Amino acid sequence: MQRYSIALLPGDGIGQEVVAAARRVLEAAGERFALRFDFKPYDWGSDYYFQHGVMMPVDALQRLREHDALLLGAVGHPDIPDHITLHGMLLPIRRGLDLYANVRPAVLFQGVNSPLKGYAAGSIDLVVVRENTEGEYAPVGGFVHHHHPAEVAVQTAVFTRQGCERVIRYAFDLAGRRGGKRLVSSITKSNAQSYGMVLWDRVFREIAAEYPGIRTESLLVDAAAMDFVRRPSEFDVVVASNLFGDILSDIAAIVTGSIGLAASANLDPGKRNPSLFEPVHGSAPDIAGRGIANPLATILAAAMMLEHLGLDEAASAVDGSVRAALASGAALTPDLGGSATTASATAAVIANLG
Ligand code: GGG
């Protein structure tokens, strides 16, 4: 029996509920495919912060490196400023483990309605590849005259040639593997951001020349935001900076029904470090503890984890079980217009796993 060590980082709010649901699905998949998952839960997050003044301990990355993969729920608490929770846990893990490709698929599944008119199941099927270690999220900047009337804040975006090259190359390789429209759309705002994003555009053209079989387009982010609503079915792989990828993947999530279905993989494609899998959504304190959080984004993220671990059969069984549970209506939680609970949606997925 193959064994895998999985770190569980449920974090805050509904993160607790959705990670527990995904764990149940992984256990069921393990039984079906003779896989053993050794789960190691970590209690890091906002409660840990209230006790220790930090979101996770100083040796957190060292401990995470011991696992084969990491499954995270959410970070964010109404009583802690969001920049403290995000910069205290999620961003240091992404940077520290060099998880440079944040892969966020958006598919309009059967049984799910898009808020856009006229889109059939499967007609929207795109992936946002978000640069995940630098760009606008680089922790570079500071305050001068902090909290005084003349205070100044400086925030610097960082674009390195290596950082652009590797994530853009990942996007081209992915477009090749998907074998669909074979299109990579690059998103910047290089008319206004005339250093970092001009470098990005130049690197994009250079890498594109290495992939003659893949079509390309370069869009400014404002046009791309319109096009995600106006013509979402025309996109295939979309590669963007840290901030733009974050925003566009939220638009992609909502045009395909709900952010409750949006899964995400933070990958070290070279597998030097364990990769991190998570739902795109946050901690949703307004519904936390009510048993109605949609677990499917985290379950789909767990399917991405199985695929990354090379367990393709188990990955497609979990992915297929989610699709079947949505198509039957059994997994439609309130965000999707249904009345399924976290528990009943999870049970429907597990039942489909056989
Ligand atoms: N699922 C993890 C989570 O809590 N995401 C919310 C969030 O603020 N994410 C910011 C980001 O992905 O950069």
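Counting convention: from 1, in listed order, for ligands and their atoms alike. A quick note: this is a predicted structure, and the numbers were derived from the prediction, not measured.
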**Request:** Please test M89 against W44 for side chain to side chain contact (heavy atoms under 4.5 Å, CB included), starting from the C-alpha separation and ending with a verdict.
**Result:** CA-CA 8 Å; M89 187 162 163; W44 306 338; 4.0 Å; yes
**Asked** Where do L72 and N266 land on the side chain to side chain contact (heavy atoms under 4.5 Å, CB included) test, with the steps shown first?
**Response** CA-CA 10 Å; L72 182 138; N266 302 266; over 6 Å; no
**Asked** Are D125 and K181 close enough, and set up right, to give a salt bridge (charged side-chain N to carboxylate O under 4.0 Å, His left out), and what steps lead you there?
**Response** CA-CA 10 Å; D125 185 348; K181 300 184 187 75; over 6 Å; no
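Checking only distances, P279 does come within under 3.5 Å of ligand 1, N or O to N or O. Between R130 and ligand 1, an N or O atom pair is found at a separation short of 3.5 Å. When only interatomic distances are considered, the shortest N/O to N/O separation between L91 and ligand 1 does not fall below 3.5 Å.
No part of N242 comes within 4.0 Å of ligand 1, judged by heavy-atom distances. Contact annotation: for R104 versus ligand 1, heavy atoms closer than 4.0 Å belong to the side chain alone. Counting heavy atoms closer than 4.0 Å to ligand 1, residue L72 contributes side-chain atoms (C-beta onward) but none from N, CA, C or O.
Between D173 and R169 there is no salt bridge, since no side-chain N of the basic residue sits under 4.0 Å from a carboxylate O of the acidic one. Comment: R231 engages E217 in a salt bridge, judged by a side-chain N to carboxylate O separation of less than 4.0 angstrom.
The atoms of ligand 1 that sit less than 4.0 Å from any heavy atom of V280 are 5 (N). The atoms of ligand 1 that sit less than 4.0 Å from any heavy atom of V75 are 3 (C), 4 (O). The distance from ligand 1 to the heavy atoms of Y137 drops below 4.0 Å at these ligand atoms: 13 (O).
The protein atom (non-hydrogen) at minimum distance from atom 12 (O) of ligand 1 is R94 NH2, 2.9 Å. Closest protein heavy atom to atom 10 (C) of ligand 1: L86 CD1, 3.7 Å. The nearest protein atom to atom 3 (C) of ligand 1, hydrogens excluded, is given as H281 O, 3.4 Å; this is a heavy-atom distance. Counting protein heavy atoms only, atom 2 (C) of ligand 1 is closest to E278 OE1, 2.8 Å. Scanning all protein heavy atoms for the shortest distance to atom 6 (C) of ligand 1 gives G282 CA, 3.8 Å.
By the neighbour-count criterion of 12 heavy atoms within 6.0 Å, atom CD of E210 is densely surrounded, having more than that number from other residues, nucleotides or ligands.
Ring geometry, F159 versus W200: the interplanar angle exceeds 60°, so the pair is classed perpendicular (tilted spans 30 to 60°). Between F277 and H308, the ring-plane angle classifies as tilted under the 30° and 60° cut-offs.
Contact between G73 and ligand 1 is present, with at least one heavy atom of the residue lying under 4.0 Å from the ligand.
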Listed pairs under 3.5 Å, donor-acceptor, residues 291-306 side chains, sequence neighbours left out:
{"residue": "N294", "atom": "OD1", "partner": "L296", "partner atom": "N", "Å": "2.8"}
{"residue": "N294", "atom": "ND2", "partner": "G260", "partner atom": "O", "Å": "3.4"}
{"residue": "N294", "atom": "ND2", "partner": "T333", "partner atom": "OG1", "Å": "3.1"}
{"residue": "N294", "atom": "ND2", "partner": "D335", "partner atom": "OD2", "Å": "3.0"}

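Here the shortest heavy-atom pairing between F235 and S185 reads CD2-OG, 3.5 Å.
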